[in-house]
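Chain letters run A, B, ... following the sequence lines, proteins first, then strands; residues in each count from 1. Just so we're clear, the structure is a prediction, and the values are computed from it rather than from any experiment.
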Protein chains: 2
Amino acid sequence: MTIPLPGAQVRGSKTGKPIMALLDLLGRTWALGIIWNLHSGPATFRELQQRCEKISPTLLNTRLKELKKLKLIESQQAGYQLSPQGIDLFEIISPLGDWSSQWAKILKEESKS
Amino acid sequence: MTIPLPGAQVRGSKTGKPIMALLDLLGRTWALGIIWNLHSGPATFRELQQRCEKISPTLLNTRLKELKKLKLIESQQAGYQLSPQGIDLFEIISPLGDWSSQWAKILKEESKS
DNA sequence: CAAAATTGCTACAAATAATGTAGCATAATT
DNA sequence: AATTATGCTACATTATTTGTAGCAATTTTG
């Protein structure tokens, strides 16, 4: 799978509009999860592997390369961490945490009736 | 692929924490794209197919079923549309539009140097 | 400082998911 | 009543993900 560089053709789109590139990227297995799990601080490869409960090393490495190329994460001696842009992105999606709890509650309610 | 009901085991997680269910869902090809493309109003199946530039009917239908089951969209005679919850979710992610443009700009800059 | 343990990651085959095209059964339009 | 459009399903091909094993390069330990 080629890395969804905005401007280039991406999966699911011919235009390559930035939002399409982003949606392609985030729509890949574990991409969101990695960003989510990195927000609590830098992590080594194996540490990150554990934070993401069930990711295979193959895929983890693939995603890390993509995210690095797209400047959402960077690797230092402390391990992998969100880049300033990655933090920015995380801040946008961070309300999903609370939202998902609400959502779970509602789904639960409705399944009762 | 089973539908990621919060509380149940989902792909990539044993806990089924709501956020994991959500990340599983949103990490599926085109899930985010469908939500994104529905925010501009209800659409029939074929209309939606066109808004999502390159989705196959098979996958579109699969995702629609999941999203419907998870109460993020609903179908009326006007076609498919975001549910109140779906709208809520969209509002969280809607800044991604602008963010992605910024991001594209930065990536472009850096690729020059 | 040599042996043992840990880390970051690759190889590769098996399993799963997505694509693309064709097409069918309604339902709406002419 | 014939034509067209719609909402999908079938199904074979192709692409992605998983899972396990393991290796080279540190780092830790005795």
Side-chain angles (χ1 to χ4, degrees), chain A residues 1-5 8-15 20-21 23-38 41-70 73-81, chain B residues 1-5 8-15 20-21 23-38 41-70 73-81:
Chain A
M1 205 156 35
T2 58
I3 297 180
L5 258 180
Q9 265 205 209
V10 297
R11 187 176 60 153
S13 165
K14 291 180 180 180
T15 62
M20 296 308 280
L23 295 180
D24 175 3
L25 174 69
L26 299 183
R28 296 180 180 192
T29 308
W30 272 111
L32 272 168
I34 290 172
I35 292 169
W36 193 265
N37 283 306
L38 274 180
T44 61
F45 189 92
R46 295 223 173 179
E47 157 73 10
L48 190 50
Q49 216 177 152
Q50 288 176 321
R51 288 193 196 167
C52 300
E53 305 170 37
K54 280 173 33 177
I55 196 172
S56 73
T58 317
L59 184 61
L60 177 55
N61 192 239
T62 305
R63 284 294 105 86
L64 286 174
K65 273 182 198 156
E66 293 169 2
L67 292 169
K68 203 150 74 177
K69 189 114 188 183
L70 295 172
I73 66 173
E74 47 196 30
S75 48
Q76 310 276 298
Q77 73 295 0
Y80 294 95
Q81 59 186 257
Chain B
M1 204 154 37
T2 58
I3 296 179
L5 259 180
Q9 266 204 209
V10 298
R11 187 176 58 153
S13 165
K14 290 179 180 179
T15 63
M20 295 309 278
L23 295 181
D24 175 2
L25 174 69
L26 298 184
R28 295 179 181 193
T29 309
W30 271 112
L32 273 168
I34 289 171
I35 292 170
W36 193 266
N37 283 305
L38 274 180
T44 62
F45 189 92
R46 295 223 172 178
E47 157 73 9
L48 189 50
Q49 214 177 153
Q50 288 177 321
R51 288 193 197 168
C52 302
E53 304 168 38
K54 281 173 31 177
I55 195 173
S56 73
T58 316
L59 184 61
L60 178 55
N61 192 239
T62 305
R63 285 293 106 84
L64 286 173
K65 273 182 197 155
E66 294 169 1
L67 293 169
K68 202 150 75 178
K69 189 116 189 179
L70 295 173
I73 65 172
E74 47 197 29
S75 49
Q76 309 278 296
Q77 72 295 359
Y80 294 96
Q81 59 187 257

On DNA chain D, more 5' by nearest nucleotide between A:K54 and A:R11 is A:R11
Nearest whole angstrom, please: distance from the P of D:dT18 to the CD1 of A:I55.
7 Å
Please report the shortest heavy-atom distance between B:G41 and B:R51, naming the atom on each side.
O-NH1, 2.8 Å
NA contact type, B:S56, heavy-atom cut-off 4.0 Å: base, sugar-phosphate, or nothing?
base
For A:F45 and D:dA24, give me the distance from atom CZ to atom P, rounded to whole Å.
18 Å
Where is the tightest heavy-atom contact between A:P57 and A:F45, given as atom of each residue plus distance?
O-CZ, 3.8 Å
Would you indicate, yes or no, if D:dG7 has its OP1 or OP2 atom less than 4.0 angstrom from a side-chain nitrogen or oxygen of B:K65?
no
Taken to the nearest 0.5 Å, the spacing of A:N61 CG from A:E66 CD works out to 10.0 Å
Please state whether the phosphate of D:dT16, meaning OP1 or OP2, lies under 4.0 angstrom from any side-chain nitrogen or oxygen of B:T29.
no
Polar pair under 3.5 Å, donor/acceptor by atom type, side chain A:T58, base D:dG19:
yes
Rounded distance in Å - CH2 (A:W30) to P (D:dT18)
9 Å
Given D:dT6, is OP1 or OP2 found less than 4.0 Å from the side-chain N or O atoms of B:Y80?
no
If I take atom CD in residue A:Q50 and atom C1' in nucleotide C:dG8, what distance separates them, rounded to the nearest angstrom?
13 Å
Could you check how far CG of B:L60 sits from P of D:dG7, rounded to whole Å?
10 Å
Taking only side-chain N and O atoms of A:R63, does any of them lie within less than 4.0 angstrom of OP1 or OP2 on D:dT17?
yes
Which listed nucleotide (D:dT20, D:dT18, C:dG8) is nearest to the side chain of A:P57?
D:dT20
What is the distance, to the nearest angstrom, from the CD atom on A:E47 to the C1' atom on C:dT6?
14 Å
Of B:R28 and A:G79, the one whose closest DNA chain C nucleotide lies more 5'
A:G79
Return whichever of B:N61 or A:T2 has its heavy-atom-nearest nucleotide of DNA chain D closer to the 5' end.
B:N61
Atom-pair distance (CG on B:D24; C1' on D:dT18), nearest Å
14 Å
Under 4.0 Å between a side-chain N or O of A:T62 and OP1 or OP2 of D:dT16?
no
Closest non-hydrogen atoms of A:M20 and B:W30, given as atom of the first, atom of the second and distance, are CE-CH2, 3.9 Å
Figure out the CE/P separation between A:M1 and C:dT19, and round it to whole Å.
10 Å
I'd like to know if the side chain of B:D24 and the backbone of B:R11 have a donor-acceptor N/O pair within less than 3.5 Å.
yes
